[in-house]
Amino acid sequence: MKGPYLRCAACGATLPATSPRADCRCGGLLDVVHEAGEAGATLRARFDRRRRDGDPAVQGSGVWRFREVLLPGRGPVVTHPEGNTSLYRRDAISRWVGHDDLALKHEGENPTGSFKDRGMTVAVTQAVRVGATAVACASTGNTSASMAAYAAQAGLPALVFVPAGKVAAGKLAQSLAYGARTLLVKGDFDACLRLVREAAETLGIALLNSINPWRLEGQKTIVWELLQQRGWEPPDWIVVPAGNLGNTSAFGKALREARERGLLRRLPRVVSVQAAGASPFFRSFRAGFRRRYRVQAETVATAIRIGDPASHDRAVRTIRETRGLVTAVTDREILEAKAVVDAAGIGCEPASAAAVAGARRLVQEGVVRRSDSLVAVLTGHVLKDPGVVMDFHARRGRHRNPPVTIEPRLSDVERVLKRNG
Ligand code: F0G
């Protein structure tokens, strides 16, 4: 078959890239398979030139810069633009993690405040190309915020399914603001995903969850952009928070394809970090991936409050191929990591802090060695979840910064300053 096509990971069936389906008829997940194309130094030079000089064809996007290996073809793209996120190093965070060579790639700098924009620009572009008339997703809040924004840009009606009462305020506000029809489902994320899969199938709406293979194509660019920022020198470890396992899967695909195209000789090891109260993938990892678990999920990091991750099989492949690891961190560790990242002036949402807490754990366990280079991916912006921040700081204790209410007089200000020393 010429050009990219879709292949079911479960039954091996192939479909043309123009298929409007998000998954296979057998229920398996589809992967985008690219034909062999430009590779090695030529491809690298093309990507690097675009990053350096800009290129009107990719409109300044850190996703479409890699268009040949995502969604080739000359059609118009629905881009904000997105990507081009920073790689930070901060002493205070390195100290807390206990590791000098730690960098943070901040995906919260994307236009709607999370990494989801990278996948959404590709999935919405493809939805438009295949003639979708409406789009839908289940979400813990970020996918829906992103889909709502890109659907608005494309002029497509958007239908969002989120777990009632379990979505952070910033995210829910975005879905409403960008004009998506927002359904608060009385159930958890896993129930939302089951419902939207059924609804999309019956009502003929394009499904834009990360089971949609085009989402993962866009999310691959987190890794490619990271490699590019490091002069194509891979770090030893890439640490990422994990919920529905779309990102873990996309990272594996990105690394595999980068190696196939001669952009990489050595693969970094991918570490997925789950919240202890929502850690079916961690349990499965501990069982040598011999079985798949489903759990009732509960965690302060609502973005990853997921008990039955859809991309389990793909993610297993990532961990196996990169000799990666899966770990889990408690809500307490997540909140402490978040306080440290926030107080460094960078900030992130709770799920993102799980990556930093996971990195710390691996350092403490001696898995990550002193000479290793480590990159943690911050997946969402600090303003996504103001509720968690306000709750955390309203209490006293380590890393807390409670607000102080005063009368409008100077003596009160002086008193507060004196108390703070
Ligand atoms: N971090 C953030 C901020 C997220 O929003 C998500 C997932 C993850 C990490 C986990 O990524 O699912 O690819 O393993 N959020 C989805 C959503 C589920 O609906 O916004 P994953």
Side-chain angles (χ1 to χ4, degrees), residues 29 105-110 112-120 123 136-149 160-163 166-168 170-172 174-175 180 182 185 188-190 192-193 196 207-212 215-216 218-220 222-223 239-254 270-275 278-282 297 299-312 314-316 318-319 326 329 334 338 341 347-358 376-385 388:
L29 298 187
K105 181 146 179 73
H106 207 331
E107 289 298 301
E109 294 177 347
N110 275 293
T112 76
S114 84
F115 71 93
K116 305 289 181 180
D117 296 336
R118 290 188 184 258
M120 210 49 81
C137 71
S139 183
T140 54
N142 280 326
T143 298
S144 44
S146 181
M147 187 188 78
V160 156
F161 296 67
V162 290
K166 293 293 180 186
V167 179
K171 305 176 188 181
L172 187 56
Q174 284 179 291
S175 175
T182 304
V185 181
D188 58 10
F189 169 82
D190 304 291
C192 291
L193 186 57
V196 77
L207 183 61
L208 295 194
N209 275 99
S210 58
I211 57 174
N212 181 316
R215 282 273 313 280
L216 298 200
Q219 287 171 211
K220 291 189 314 197
I222 301 173
V223 166
V239 188
V240 64
N244 213 22
L245 299 176
N247 239 3
T248 300
S249 305
F251 284 22
K253 192 167 193 280
V270 174
V271 180
S272 292
V273 186
Q274 297 213 286
S279 54
F281 193 52
F282 174 57
T299 167
V300 68
T302 51
I304 49 175
R305 188 176 174 276
I306 295 173
D308 184 14
S311 288
H312 172 91
R314 295 165 165 171
V316 170
T318 296
I319 301 300
V326 186
V329 291
I334 289 174
K338 175 171 155 55
V341 173
C348 65
E349 67 165 285
S352 314
V356 178
V377 180
L378 300 179
T379 45
H381 197 278
V382 65
L383 289 175
K384 287 282 190 173
D385 196 340
V388 163

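First listed ligand is number 1; within each ligand, the first listed atom is number 1. Quick note: numbers below take in every heavy atom, side chains included, and nothing from hydrogens, waters or symmetry partners.
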Cut-off 3.5 Å, side chains only: do [X] and [Y] have a donor facing an acceptor?
{"X": "S175", "Y": "T182", "value": "yes"}
{"X": "E349", "Y": "N142", "value": "yes"}
{"X": "Q219", "Y": "K116", "value": "no"}
{"X": "S114", "Y": "T379", "value": "no"}

May I ask you to decide if [Y]'s main-chain N or O and [X]'s side chain share a donor-acceptor pair within less than 3.5 Å?
{"X": "N110", "Y": "G113", "answer": "no"}
{"X": "D190", "Y": "D308", "answer": "yes"}
{"X": "N209", "Y": "C137", "answer": "no"}

Ligand-residue contact atoms, ligand 1 with [X], heavy atoms, under 4.0 Å:
{"X": "S139", "answer": "17 (C), 19 (O), 20 (O)"}
{"X": "E349", "answer": "3 (C)"}
{"X": "N142", "answer": "2 (C), 3 (C), 4 (C), 5 (O), 20 (O)"}
{"X": "A242", "answer": "14 (O)"}
{"X": "I304", "answer": "8 (C), 9 (C), 10 (C)"}

Just so I know, are the side chains of E109 and H381 near enough to count as touching, which here means a heavy-atom distance under 4.5 Å?
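Result no, sub-4.5 Å side-chain heavy-atom pair not found.
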Query raised in the report: Are T302 and T140 side-chain neighbours, meaning at least one heavy-atom pair lies under 4.5 Å?
Result: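 Sidechains of T140 and T302: no contact.
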Under the criterion side chain to side chain contact (heavy atoms under 4.5 Å, CB included), I'd like the reasoning laid out for I304 against Q274: C-alpha separation, chi angles, the key distance, then a yes or no.
CA-CA 7 Å; I304 49 175; Q274 297 213 286; 5.9 Å; no
Check this for me - ligand 1, [X], N or O atoms closer than 3.5 angstrom, yes or no?
{"X": "F189", "result": "no"}
{"X": "G246", "result": "yes"}
{"X": "Q219", "result": "no"}

Inset, instruction - Could I get the full list of side chain to side chain contact (heavy atoms under 4.5 Å, CB included) partners for K166, not counting sequence neighbours? - result: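 Side chain to side chain contact (heavy atoms under 4.5 Å, CB included) check on K166 returns P163, E298, R305.
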Under the ring-ring contact (aromatic ring centres under 6.0 Å, His included) test, residues paired with H312 that sit two or more places apart
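Here the qualifying residues are F281.
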Please list the nearest protein heavy atom to [atom] with its residue and the distance rounded to 0.1 Å.
{"atom": "atom 11 (O) of ligand 1", "value": "F115 CZ, 3.6 Å"}
{"atom": "atom 15 (N) of ligand 1", "value": "K116 NZ, 2.9 Å"}
{"atom": "atom 4 (C) of ligand 1", "value": "A303 CB, 3.5 Å"}

- Identify which of T140, L245, D385, T379 has a heavy atom lying nearest to atom 1 (N) of ligand 1.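 Residue with the shortest heavy-atom distance to the ligand atom: T379.
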inquiry  = Nearest non-hydrogen contact with atom 12 (O) of ligand 1 belongs to which option: N244, V273, T143, N247?
reply    =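 Nearest option to atom 12 (O) of ligand 1, by heavy atoms: N244.
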Should the proximity of [X] to ligand 1, defined as any heavy atom under 4.0 Å, be assigned to the side chain, the backbone, both, or neither?
{"X": "K384", "result": "neither"}
{"X": "K171", "result": "neither"}
{"X": "A351", "result": "side chain"}
{"X": "T248", "result": "neither"}
{"X": "I306", "result": "side chain"}

>> Within the structure, is a non-hydrogen atom of S210 found at a distance of less than 4.0 Å from ligand 1?
In response: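 Contact check S210 vs ligand 1: negative.
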